[in-house]
Every structure is written in structure tokens, then in C-alpha cells.
Amino acid sequence: MANKKSDIKISVALDENNVPEKLLWSAQDGGVNAAEAKAMLLSIWDHKQKETLRIDLWTKDMPVDEMKQFFHQTLVAMANTFERATADEKMSATMRDFCDYFAEKLELNS
């Protein structure tokens, strides 16, 4: 059994149509308390079903240009995490090549 427990809390304020208006997150161990966010992507691996469960949320005032940057940065982070988790340098490099292509096609200045 684990000696320590760490909680991450996500609060979503919804409008009358259940569209997110405000996202707040807290991670006490990380020193974050009710920080505002405009978007989030959460993936959880269900090892019993061998499938990914997801929660993808963004506020209705999230600008499209910021959403494009958010996706690009998330893809780059996924390539880095994939390399750390699998030590597969070749596929990680291929993923980063796609990230470069993605940024170029969206004309992102990252």
C-alpha cells in the first residue's frame, strides 16, 4: 500500500447547456490552488479493458489560435513522454517530425 496520497482536483463550471465556462485545477503537492485553465486533455489507461478513457474539455472562450498551440505543445510533450516511457528513440523522432509538420501547416511560431 502506498505511504502517501496526492490528489489532483479539476473543477468545471458549466453554462445552462452544459458547456464549460471555467476550468480550475489544483494540485497541492505542486503548489497549484484553483488555477484557471482554458482547456484540458486527460487520458487514463484502463488496463483491464485495454483501452484509453478520455476527458477532453475546453471553455467556450478558448481562442482557436491558442487551441492550435495547445495541441501542438501537447503532441510534442507526448513524443517526449513516449521516449521516456519506451526508450524508442526512432519512433519518438518520427513523432517529433510530425509535430514539426503540424506546426508548419498551422503556421505556428513555436
Side-chain angles (χ1 to χ4, degrees):
M1 185 166 181
N3 292 331
K4 183 178 178 182
K5 178 182 169 186
S6 180
D7 292 323
I8 298 171
K9 181 180 177 184
I10 299 167
S11 298
V12 183
L14 304 171
D15 69 8
E16 63 279 354
N17 297 313
N18 292 327
V19 175
E21 285 188 313
K22 193 171 204 176
L23 297 172
L24 300 174
W25 70 285
S26 299
Q28 186 173 5
D29 285 356
V32 179
N33 184 29
E36 189 170 352
K38 293 291 182 188
M40 65 166 272
L41 305 173
L42 176 65
S43 298
I44 298 174
W45 180 247
D46 181 335
H47 71 279
K48 291 178 184 174
Q49 296 296 321
K50 303 288 189 236
E51 67 181 7
T52 302
L53 308 174
R54 296 183 16 229
I55 300 173
D56 304 331
L57 296 173
W58 57 94
T59 60
K60 58 186 175 184
D61 64 343
M62 173 74 169
V64 172
D65 62 326
E66 289 184 21
M67 181 62 86
K68 291 176 182 180
Q69 286 182 309
F70 174 58
F71 264 84
H72 177 253
Q73 291 175 14
T74 299
L75 291 169
V76 171
M78 288 176 64
N80 295 338
T81 301
F82 182 81
E83 185 171 9
R84 283 195 320 273
T86 66
D88 189 333
E89 294 176 12
K90 185 176 179 182
M91 184 53 69
S92 299
T94 300
M95 292 171 71
R96 286 187 195 95
D97 287 344
F98 172 75
C99 293
D100 291 343
Y101 173 80
F102 185 90
E104 179 185 323
K105 291 298 177 185
L106 290 178
E107 300 177 351
L108 297 178
N109 298 326
S110 51

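All values reported here derive from a predicted model rather than from experimental measurement.
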Nearest heavy atoms of [X] and [Y], plus distance in Å:
X    : Y   : result
S43  : R54 : OG-CG, 4.0 Å
L108 : K68 : CD1-O, 3.8 Å
S92  : D88 : OG-O, 2.8 Å
L42  : D56 : N-OD1, 4.3 Å
V19  : K60 : CG1-CB, 3.9 Å
T52  : W45 : OG1-CE3, 3.5 Å

Check this for me: [X], atom [atom1], are more than 12 non-hydrogen atoms of other residues, nucleotides or ligands nearer than 6.0 Å?
X   : atom1 : answer
N3  : CG    : no
K38 : NZ    : yes
M78 : CE    : no
E21 : CD    : yes
E89 : CD    : no
D97 : CG    : yes

Rounded distance [0.5 Å steps], [atom1] in [X] versus [atom2] in [Y]:
X   : Y    : atom1 : atom2 : value
L23 : I10  : CG    : CD1   : 8.5 Å
L41 : F70  : CG    : CZ    : 4.0 Å
D29 : K5   : CG    : NZ    : 11.5 Å
I44 : I55  : CD1   : CD1   : 6.0 Å
M67 : F71  : CE    : CZ    : 6.0 Å
H72 : K105 : NE2   : NZ    : 14.0 Å

Practice problem: Spell out, as yes or no, whether a donor-acceptor pair under 3.5 Å connects the side chain of S26 to the backbone of A34. | Solution: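 Indeed, once roles are kept as given, a pair shorter than 3.5 Å links the two residues.
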Quiz prompt | Heavy-atom side-chain proximity of L106 to Q69 below 4.5 angstrom | solution =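 Not touching, per the 4.5 Å side-chain cut-off.
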Quiz item: Are any of the side-chain heavy atoms of M40 and W25 separated by less than 4.5 Å?
Solution: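 Of all side-chain heavy-atom pairs linking W25 with M40, none is under 4.5 Å.
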Exercise. Just jot down the side chain to side chain contact (heavy atoms under 4.5 Å, CB included) partners of N18, sequence neighbours excluded, or say none.
Key: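 Result, side chain to side chain contact (heavy atoms under 4.5 Å, CB included) vs N18: L14.
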Exercise. Flag yes if L75 and Y101 sit in one hydrophobic cluster, no otherwise; membership is Ile, Leu, Val, Met, Phe, Trp, Tyr, and two members link when side-chain heavy atoms are under 4.5 Å apart.
Key: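 Yes.
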Practice problem: Please determine which of R96, M91, M95, K90 meets the side chain to side chain contact (heavy atoms under 4.5 Å, CB included) test together with E83. | Solution: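 Considering R96, M91, M95, K90, a side chain to side chain contact (heavy atoms under 4.5 Å, CB included) with E83 is found only for R96.
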Practice problem: List for me each residue that meets salt bridge (charged side-chain N to carboxylate O under 4.0 Å, His left out) alongside E51, sequence neighbours excluded, and say none if there are none. | Solution: none
